[in-house]
Amino acid sequence: MPLRVYNTQSGKKEEFQPLVPGKVGMYVCGVTVYDYCHIGHARANIVFDIVYRYLQYSNYDVTYVRNYTDVDDKIIARANERGISSQELAEEFIQAFDEDMAALGLRKPTHEPKATAYMEQIIALVEQLIDKDMAYESAGDVYYSVDKFPSYLKLSKRNMEEMLAGARIAPGELKRNPMDFALWKSAKPGEPSWESPWGAGRPGWHIECSAMSSALLGTSFDIHGGGRDLIFPHHENEIAQSEAASGKPFVKYWLHNGFVNVDQEKMSKSLGNFFTIRDILKSYDPEVVRFFNLTAHYRSPIDFSDQNLEEARIGLSRFYEALAQLDKALAKADTNAESGAVAAALAEPVERLVQLEERFRSAMDDDFNTALAIANMFDAVRAINRILAEASHLNGQLQAILAKGRDDLLKVGDVLGLFGSNPAAWLARSAQEGLSESGLSAADIDALIVERRQARANRDFARADQIRDELAAKGVLLLDGPEGTNWKMK
RNA sequence: GGCUCCGUCGCCAAGUGGUAAGGCAGAGGUCUGCAAAAUCUCCAUCACCAGUUCGAAUCUGGUCGGAGCCUCCA
């Protein structure tokens with residue numbers, strides 16, 4: 001089945017056919033680097049990380065471009081507040097962004113251009129638009145003339161008259177049409193600026209992306225992504241600029257991710273429900289955050305809450321539990337075991353396991369349906385657990401099936417950026433989370449486990465249960481197994 | 001007001017014409033000294049109304065409820 005993607009432009013799922021067979025050019029709007037990134041940025045970047053990974057997994061040669069907007073009103077304002085240069089501020093938050101993305105386990109894009117490094121291309125593009133009479137200079141500013149671009153608003157499906165009703169021109173802006181937007185802004189005193197044919201100034205936001213994408217991907221490319229909120233005006237304006245300049249279609253597929261809400265409300269600084277990536281990683285494992293993001297479709301809104309994150313943690317640990325059990329069983333299995341037929345009772349789980357990768361692919365081919373993909377992966381987990389629980393011994397055949405199933409699960413997990421840790425190590429880490437709040441140390445617990453083992457050996461179950469209850473009251477759960485007793489935090 | 005979109009089990013969440021995936025929680029069985037984990041079984045007719053259709057959660061119209069965008073924003 002071919003890959004199908006939902007295109008915001010058409011409002012439909014379309015079969016994905018890149019402009020050049022086997023190659024994909026993809027541009028995603030990055031961040032304006034004036035503050036730490038929040039969990040909404042995390043979602044957008046995780047979503048397109050998955051798109052990137054899945055296209056690579058599907059054997060496309062992908063060129064992925066994600067920019068840094070490092071010149072902007074907000075950067076200037078924040079830099080002035082702190083008494084440092086815009087450039088210093090931008091560099092600080094570029095580094096912070098890189099750290100956050102690395103912590104979340106994102107694959108590095110092919111190119112991460114900074115807008116300020118493309119000033120020449122930006123100016124050339126603005127000149128080109130003026131030459132084509134699509135833009136005009138006005139007192140040192142340059143504006144794009146939306147009336148000259150007949151298909152303006154085709155992406156956001158808005159109506160020009162309606163838009164005009166609510167539009168107004170800010171004081172000092174000399175626009176012909178209130179909807180015209182700035183390609184170049186003349187410099188005010190103390191602002192960073194670049195020389196241009198229209199005097200010293202700096203680029204408008206939209207033109208930066210048009211210039212960087214065409215420089216690195218060409219004037220037409222396959223995928224452009226970003227958050228829903230960027231559809232208008234940012235992406236609409238990119239289309240107007242790029243298509244007017246090149247005379248060619250700009251982007252084939254527009255992909256937009258849904259928003260993150262917090263406890264059912266829009267996240268905003270004023271509501272006080274605003275979380276940066278760094279905040280959240282203090283309480284949650286990065287892989288849990290990623291897993292949580294993938295349990296819903298990328299276009300749907302997701303609700304960030306402790307309960308939902310906790311559910312994600314439990315769900316992810318189910319995978320790691322199964323992988324750890326599987327590793328243990330395979331390590332113990334007799335490598336010289338005879339080959340033989342699989343018992344009829346195990347035919348179904350074996351079949352499920354064998355089909356994992358195919359089912360994963362068919363879910364992902366349907367507009368990157370990670371929620372369905374994960375459901376299919378849970379089926380594989382149940383299959384593994386069931387084989388381990390029901391097979392009296394692992395013959396050569398079953399060992400091969402389980403080993404292959406393990407490899408497949410890790411392989412599809414890697415496409416989603418999951419299961420990168422050693423299962424036993426991940427579980428051990430997860431087990432100890434919250435230990436410090438219990439007031440106990442691992443050594444305390446081990447000592448009690450030893451005492452309890454003795455009690456159990458003496459069939460003093462009252463004392464054994466008392467120890468377990470005491471620990472349970474402090475959030476420590478004892479797990480008796482054939483090889484002794486383990487523990488984990490609730 | 002305009003434009004997008006949503007309303008599926010207690011909670012999260014797929015499915016968009018062929019008779020409801022998955023996870024969490026819950027009930028019961030197996031295992032266990034007892035538990036936990038694992039496993040097995042059970043647990044929804046898809047906000048409401050009216051249509052189209054052999055057949056609708058899925059299409060059409062309407063009603064109610066909710067969200068986002070229309071200004072910087074992932």
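Everything numeric here is computed off the predicted structure, so don't read it as measured data. Chain A is the first sequence line, chain B the second, and so forth, proteins listed ahead of strands; every chain is numbered from 1.
Counting non-hydrogen atoms under 4.0 angstrom, H38(A) reaches a base of the nucleic acid. Nucleic acid contact class of L372(A) (heavy atoms, under 4.0 Å, all strands): base. Using a 4.0 Å heavy-atom criterion, one finds that S156(A) contacts the sugar-phosphate atoms exclusively. A44(A) comes within contact range of the sugar-phosphate backbone alone, with a heavy-atom separation under 4.0 Å but no base atom that close. Residue-level contact check: G258(A) touches the bases, meaning some heavy atom is under 4.0 Å from a base atom. Backbone-only engagement by Q307(A) is indicated by non-hydrogen atom pairs under 4.0 Å involving sugar-phosphate atoms exclusively. Among the protein residues, M160(A) comes within range of no part of the nucleic acid, since none of its heavy atoms lies under 4.0 Å from any strand. Across all strands, V260(A) comes closer than 4.0 Å to base atoms (heavy-atom distances). Base engagement by G40(A) is indicated by at least one non-hydrogen atom pair under 4.0 Å involving a base atom.
Using the Watson-Crick or G-U wobble rule with both distances under 3.5 Å, A38(B) pairs with U30(B). Using Watson-Crick or G-U wobble geometry with both donor-acceptor distances under 3.5 Å, C69(B) finds its partner in G2(B). In this structure, C64(B) and G7(B) make a Watson-Crick or G-U wobble pair, each of the two defining distances being under 3.5 angstrom. Under the Watson-Crick or G-U wobble criterion, with both distances below 3.5 Å, U53(B) has no partner in any strand shown. Pair assignment for C43(B) gives none, since no Watson-Crick or G-U wobble pairing has each distance under 3.5 Å.
Comparing the C1' positions of U45(B) and G55(B) gives a spacing of 14 Å, expressed to the nearest Å. Nucleotides A57(B) and U16(B) are separated by 14 Å at their P atoms, to the nearest Å. Rounded to a whole angstrom, the distance from the C1' atom of C69(B) to that of U52(B) is 33 Å. Annotation: U71(B) and G66(B) have their C1' atoms spaced 24 Å apart (nearest Å). Between the P atoms of C42(B) and G2(B), the separation comes to 50 Å (whole Å). Atom name C1', nucleotides C46(B) and A56(B): the rounded distance is 11 Å, in whole Å. Taking atom P in both G26(B) and C11(B), the straight-line distance is 15 Å, to the nearest Å. Rounded to whole Å, the C1' atom of G23(B) lies 11 Å from the corresponding atom of A14(B).
Residues F292(A) and D379(A) both approach RNA chain B. Their nearest nucleotides, taken by heavy-atom distance, put F292(A) toward the 5′ side. Where D303(A) and N159(A) meet RNA chain B, the nucleotide closest to each residue was compared, and N159(A) sits on the side nearer the 5' end.
Side-chain contact, E238(A) with Y27(A): no donor N or O sits under 3.5 Å from an acceptor N or O. Inspection of the D73(A) and Y34(A) side chains reveals no N or O donor paired with an N or O acceptor under 3.5 Å. Judged purely by distance below 3.5 Å, without hydrogens or angles, the side chains of Y152(A) and E236(A) never pair a donor atom with an acceptor atom. A donor-acceptor pair shorter than 3.5 Å cannot be found between the side chains of R463(A) and N458(A).
One interatomic measurement links the two molecules: CG of D367(A) to P of C5(B), which rounds to 14 Å at whole-angstrom precision. Remark: P of C72(B) and OH of Y34(A) are 13 Å apart, rounded to the nearest angstrom. Regarding F259(A), its CZ atom lies at a distance of 13 Å from the C1' atom of C5(B), rounded to whole Å. Counting to the nearest Å, the P atom of C73(B) and the NE2 atom of H41(A) are 10 Å from each other. In this structure, D229(A) atom CG and C72(B) atom C1' are separated by 10 Å, rounded to whole Å. Counting to the nearest Å, the P atom of C69(B) and the CD atom of E236(A) are 17 Å from each other. Taking atom CG of residue N369(A) and atom P of nucleotide G15(B), one finds them 5 Å apart after rounding to whole Å. Atom NZ in K74(A) sits about 6 Å away from atom C1' in C73(B), given to the nearest Å.
OP1 and OP2 of C11(B) both lie 4.0 Å or more from every side-chain N or O belonging to N308(A). Regarding contacts with the backbone of C69(B), a side-chain N or O of K266(A) is found under 4.0 angstrom from either OP1 or OP2.
Looking only at side-chain heavy atoms (C-beta outward), D366(A) and R4(A) come within less than 4.5 Å of each other.
Counting only heavy atoms from C-beta on, D366(A) has its side chain closest to U16(B) among U16(B), U4(B), A74(B). Closest to the side chain of N257(A), out of A14(B), C5(B), A74(B), is A74(B). Proximity note for F232(A) (side chain, C-beta onward) versus A14(B), C70(B), A74(B): the nearest is C70(B). Out of A74(B), G22(B), A14(B), the shortest distance to the side chain of S300(A) is found at A14(B).
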Letter per nucleotide, 5' to 3', of nucleotides 32-44 of chain B [B base touched, S only sugar-phosphate touched, - untouched; heavy atoms, 4.0 Å]: -BBBB-SSS----
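Heavy-atom contacts from other residues, nucleotides or ligands closer than 6.0 Å to CD of E358(A) number 12 or fewer.
When the options T32(A), T116(A), D98(A) are evaluated for a side chain to side chain donor-acceptor pair (under 3.5 Å) with Y68(A), the one that passes is D98(A). Evaluated for a side chain to side chain contact (heavy atoms under 4.5 Å, CB included) with F16(A), the options D367(A), L55(A), D365(A) yield exactly one hit, L55(A).
The residues D446(A) and R453(A) are annotated as not salt-bridged, no charged nitrogen and carboxylate oxygen being separated by less than 4.0 angstrom. Classification of R452(A) and D480(A) as a salt-bridged pair holds, one side-chain N sitting under 4.0 Å from a carboxylate O.
The structure places NZ of K157(A) at 13.5 Å from CZ of F232(A), a figure rounded to the nearest 0.5 Å.
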